[in-house]
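Heavy atoms only: backbone and side chains are in, while hydrogens, waters and symmetry mates are out. Quick caveat: nothing in here was measured; it's all calculated off a predicted structure.
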2 protein chains.
Amino acid sequence: MTDVALEPDQSAPGPAGTERGAALYRKVAADLREAITTGAFGEAGRLPAEGALAEQYGVSRGTVRQALAVLRSDGLVTSRRGTRRVVLGNARVQSFSELLSFTHWARSMGEEPGGILDSLVRRPADAAEREQLRLEPGAEVYAIVRLRTLSGAPVMVERTVYPPRVGELVAELPADVVSHTEQLREHGILFTDADHTIDVVAANAEDARLLGCRRGSPLLRERRRTTDPTGTPVEWSQDRYLPGTVAFSVHNSLATSALSRHARDSD
Amino acid sequence: MTDVALEPDQSAPGPAGTERGAALYRKVAADLREAITTGAFGEAGRLPAEGALAEQYGVSRGTVRQALAVLRSDGLVTSRRGTRRVVLGNARVQSFSELLSFTHWARSMGEEPGGILDSLVRRPADAAEREQLRLEPGAEVYAIVRLRTLSGAPVMVERTVYPPRVGELVAELPADVVSHTEQLREHGILFTDADHTIDVVAANAEDARLLGCRRGSPLLRERRRTTDPTGTPVEWSQDRYLPGTVAFSVHNSLATSALSRHARDSD
DNA sequence: GAGTGGTCTAGACCACTCA
DNA sequence: GAGTGGTCTAGACCACTCG
């Protein structure tokens, strides 16, 4: 943790210190996050009072609270009226894109991501797909099946359905492009929100063929619907992982509850 | 959505309108949540501007923003600089306690929760348990194994380890108490934060015996460490669900990312 | 260029914790 | 009762979107 006030952005408009031209509260949050991971708050892990931090960083208490809210939702610190905040755990690396993009995730682990295209078709959307992608009856979709690999080893079967606007872009990508997500981002398709559901299913014949497992053997399934900032669905995907290759992890609290438990729906 | 300003708490100190003596922003959030689920914002689902909402509810813009932040993190609305907020999806029921407590979850679905105690022992903590519960070498723990049922049908094996302070309370509970969590809350043990990891494992002999499945058959595993407001671990639990009985669900976004994907760790 | 959400400030009061 | 986080206000300026 710095003892001095945060410097304003460096002279040049480009990248600055720890965080690039970000908001003030993000710089404070980044600095506090580092202080936490380096154990700067001692054994007990009690943070300074908000007022003290405000003075230390030369910002208002509101800004400090914004920074602390970030750490709170990441599960790094507690908060309770009447007492100082306490360090909860060490930082876990996690970012939205890491969850959204197999490629990004693989690289963050130092593994080499791969994608083997199995099929790509344009066809009428079924009822479930129309529901998920909010399409009109009779609308078409692009459906893609890919085998995803880590350093050459099969890990996951990805079945993604795109609405026409997005699918047309994907269909034009060379077959050997590994990250569709990154390509779409460069074409101006923004992924900002996603709903995930995680459960277990038995491998069907296609899963078995692609993953090299037996039919009926268990797979960890993640279904995901992603939308852009306007709320328009841009992707509906169903990923099936071989057991032992992946685990999903989440933090929640009384204050911010994101995860929920459901009875399994029919499909 | 009401057109009038929110009423202050009713005269009596007891429960008031939609929300009990809660903060102003929570009342606004609850009202907006209802407006969203009843489709009050029309087909396009564009919310009024923050300023308009502030005037409508007779509160400051800051309070409106606090309310909207709640809906944002629940995945109900988008937010983007320059444009109105847009309704993302309908409300999903979810609460922290619903995820934490099997009993609470079951009841919210209208099912009858059950718990059949298999074993309860006090024993030295192993290395992993000391790590999770932040205990000293040589410390002891209370370890409980229970079969959880929904309307009589086996659903999940729960293996929970408590530190002594908490375990002593649990050990004194009658064997037929269904919800340990609720009992602990009444004894002043607070659960406020939890880290969850979800993956697939094969049933061991004990799992198979309790759940009535075959050894080696797949189970959906949720591991969870729960802490109190001071950051002290109060529970370390490993729940194994029969496939098809449960799914976990989470919303994340560029703004608030709670879920992450991991390579499976050894255990 | 008008409208909108994002950020930041300064100050106020309250509810709660803990010595 | 002092200290602390939770809530709320009023106002300001900025960055971005879109007609």
Go through the steps to decide whether A:E158 and A:S237 satisfy the test side chain to side chain contact (heavy atoms under 4.5 Å, CB included), and finish with yes or no.
-> CA-CA 7 Å; A:E158 171 185 272; A:S237 190; 4.2 Å; yes

Determine yes or no for a side-chain-to-main-chain donor-acceptor pair under 3.5 angstrom, with A:D74 supplying the side chain and A:L76 the backbone.
-> no

Pick the nucleotide of DNA chain D nearest each of B:V64 and B:R61; which residue has the one closer to the 5' end?
-> B:V64

DNA chain C nearest-nucleotide lookup for A:Q66 and A:R80: closer to the 5′ end is A:Q66

A:R224/A:D239 ion pair, N-O < 4.0 Å = yes

Contact class for B:R85 vs. all strands (heavy atom < 4.0 Å): base, sugar-phosphate, or nothing?
-> sugar-phosphate

Is it true that atom CD of B:E131 has more than 12 heavy atoms of other residues, nucleotides or ligands lying nearer than 6.0 Å?
-> no

When you list every nucleotide of DNA chain D with an atom under 4.0 Å from a heavy atom of chain A, which one comes first 5' to 3', and which comes last?
-> D:dG3 to D:dT7

Could you walk me through whether B:T181 and B:S179 pass the side-chain hydrogen bond (donor to acceptor under 3.5 Å, both in side chains) check?
-> CA-CA 5 Å; B:T181 306; B:S179 178; 4.7 Å; no

Could you write out DNA chain D as a dot-bracket string, with dots for unpaired bases, | for bases paired across to another strand, and Watson-Crick or G-U pairs counted at under 3.5 Å?
-> ||||||||||||||||||.

For B:S79 and B:R72, what are the C-alpha separation, side-chain angles and deciding distance, and is it a side-chain hydrogen bond (donor to acceptor under 3.5 Å, both in side chains)?
-> CA-CA 7 Å; B:S79 66; B:R72 180 82 187 86; 3.1 Å; yes

With side chain to side chain contact (heavy atoms under 4.5 Å, CB included) as the test, would you mind laying out the steps for A:F41 and A:V77 before giving the verdict?
-> CA-CA 12 Å; A:F41 297 122; A:V77 300; over 6 Å; no

Are more than 12 heavy atoms from other residues, nucleotides or ligands located less than 6.0 Å from atom CD of B:E55?
-> no

